[in-house]
Amino acid sequence: MKKQLLSVILLALLLAPIGMEARKKVKEQEVPQLLNYPSAEIDKNLLHGGDVVILGRLVTPEEAKGEKIPQDVLDKINGRFTVIMRDYLVNKEKTSVIEFKNDGTFSMNLHVPYPMFVLVYPLADVYACPGDTVDVTIDTTKPTREEGLIIGGTGVSGEVSKLTYKIGMRFFPPQRSLNIQNPDSLMKWKDEQVEKLDDLVRQMNTGLPELEGCSPLASDILRTYILWRRLYNICHEYDLFVDGNDSIDREAFWQQYFSFVTPREKYLLDNPLLMIAGDDFFFNRMEFTLMCPFDPHFMSTHDIWGKNKELLLGKLHLSPTNFSWQVCRLRDIFTVLKWYKTDFDAAAEDIAQALPSITHPELIRRAVLTYRDYVKENEVQVVEQKPMTKGDSIFQRIIEPYKGNVLYVDFWEMSCGPCRATMLHMRDQVEAHKDKPIKYLYITDDTPEHCKSFLEPNNIKGEHIHITRSEWGYLQEKFQFTGIPFIVLFDKQGKQRKDVTVEQLLNE
């Protein structure tokens with residue numbers, strides 16, 4: 001009996017280090033969680049919309065001071081100096097041209113539906129919080145754009161805007177394409193990124209020097225910005241790899257790839273601060289990689305989210321009511337609303353089915369307001385007569401020589417690969433319709449000399465119209481586009497038409 005007891009004790013002593021080592025490894029693998037986050041309770045009024053003032057000035061060379069700014073200086077930036085506001089909840093964006101006064105200053109009021117990052121193109125992202133002012137200075141005497149760009153302002157807008165570029169360069173410096181060739185290399189890269197994510201969380205818990213002196217709210221917004229940028233990059237590389245890749249088991253790979261999200265869900269996905277720190281790019285990636293990864297374009301709305309809920313619960317064990325999931329649900333519904341047009345009953349049915357899964361009060365409020373606006377817009381029978389804008393005048397001048405024809409208008413640039421591909425694809429149609437009442441207008445702000453090397457060897461026919469960068473900006477504002485190629489159709493009466501083909505317009 002004593003021998004048996006002694007054997008048990010010796011065995012326990014031998015196994016003890018192994019057990020301790022195992023516990024040590026488990027402890028090392030524990031996922032760090034954010035501490036003191038959020039720093040303070042968010043005032044619900046902060047999530048509402050309003051106007052933010054964007055002020056700026058253009059610093060010119062000494063010899064130009066006190067005089068009218070040279071037109072060539074204004075042309076270099078004015079056509080591309082626009083403010084782009086993307087409302088990620090309803091998948092809408094608004095482009096506004098900034099007009100400089102003769103003294104090089106500008107001022108504009110921008111309405112935002114909630115505090116958000118907006119793009120002052122081509123300069124930088126700035127933070128726009130209702131009631132604040134954002135100041136932008138562009139010093140053209142400096143050797144580089146980075147040296148000449150100074151961003152400031154009042155309130156949380158000023159605090160966040162000042163640090164956004166610095167934070168981005170510190171934590172997300174430009175990198176070359178990864179060119180990942182197989183699932184194992186992507187998975188290895190992802191694991192490295194998750195390790196960096198955890199390191200970031202540990203650094204945040206001890207305090208980031210870059211955020212020293214920030215107000216608690218500004219610190220929360222910037223910390224959330226850093227987190228979603230890291231998750232966005234991980235989702236982006238996944239999207240690039242699986243797009244069109246039929247050699248992998250999509251469902252199994254998706255589950256394995258995104259398994260890291262579950263223990264980090266609280267601050268990565270179920271995080272209301274994303275309402276005022278995330279952006280359209282982030283939620284787009286969430287919607288089409290993590291939340292709805294299996295060919296969503298070939299399923300109905302209800303199939304997408306019915307299957308999605310099952311996947312979230314059964315595969316990744318994520319909450320079906322986490323904040324990001326709710327946002328993606330609303331994005332999907334509001335995208336589908338565009339297809340219903342005046343079928344209000346079908347639209348109301350979709351909204352009614354979506355709302356029970358939305359629990360965040362501000363998202364519910366936004367959903368109701370957006371549906372109300374949708375009904376109002378589609379019930380209006382009389383087109384409001386608005387004063388003619390600069391963009392209207394420029395476009396009327398462009399199309400004047402082609403009145404009475406169907407117009408196919410394509411905005412493009414040499415630097416845009418899809419633009420050139422579209423023009424090559426259209427060659428046969430242009431040739432087939434050469435004797436019909438239709439004109440193909442290719443509008444660009446590139447110079448004729450720059451375009452010649454592509455247009456002539458490829459025999460791109462049509463009307464080639466070259467405009468200034470300033471004019472391009474006003475047309476962006478008129479048609480509300482940022483991405484290219486951007487194509488619009490007009491019937492023989494000069495009315496812009498949607499959801500029709502060239503053949504249909506010719507046959508009318």
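Quick caveat: nothing in here was measured; it's all calculated off a predicted structure.
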message: Check for me whether the distance between the ring centres of Tyr88 and Tyr114 falls short of 6.0 Å.
response: yes
- line: Which of Lys162, Arg170, Lys166 passes salt bridge (Lys or Arg N to Asp or Glu O under 4.0 Å) with Glu210? It is Arg170
Polar contact flag, side-chain donor to acceptor under 3.5 angstrom, Asp239-Thr289: no
field: Among Val327, Thr370, Leu369, side chain to side chain contact (heavy atoms under 4.5 Å, CB included) partner for Leu89
entry: Val327
- prompt: Do NZ/NE/NH1/NH2 and the carboxylate oxygens of Asp87 and Lys92 come within less than 4.0 Å?
  reply: no
statement: Nearest heavy-atom contact between Lys461 and Tyr442 is O-CE1, 3.3 Å
Passing candidate, side chain to side chain contact (heavy atoms under 4.5 Å, CB included) with Tyr127, options Val134, Asp132, Ile276: Ile276
message: How close do Ser415 and Arg420 get, counting heavy atoms only, and between which atoms?
response: C-NH1, 4.0 Å
message: Check Arg86 with Asp279, please: is the shortest side-chain N to carboxylate O separation under 4.0 Å?
response: no
message: Please confirm whether the ring centroid of Phe411 lies under 6.0 Å from the ring centroid of Phe481.
response: yes
field: is_close_aromatic(Phe395, Phe490), centroid dist under 6.0 Å
entry: yes
message: I want to know whether Phe117 and Tyr225 have ring centres closer than 6.0 Å.
response: yes
statement: Which of Arg397, Lys478, Lys390 passes salt bridge (Lys or Arg N to Asp or Glu O under 4.0 Å) with Glu471? Answer is Arg397
message: Just verifying a value: how many Å separate Ile351 CD1 and Leu330 CG, rounded to the nearest 0.5 Å?
response: 7.5 Å
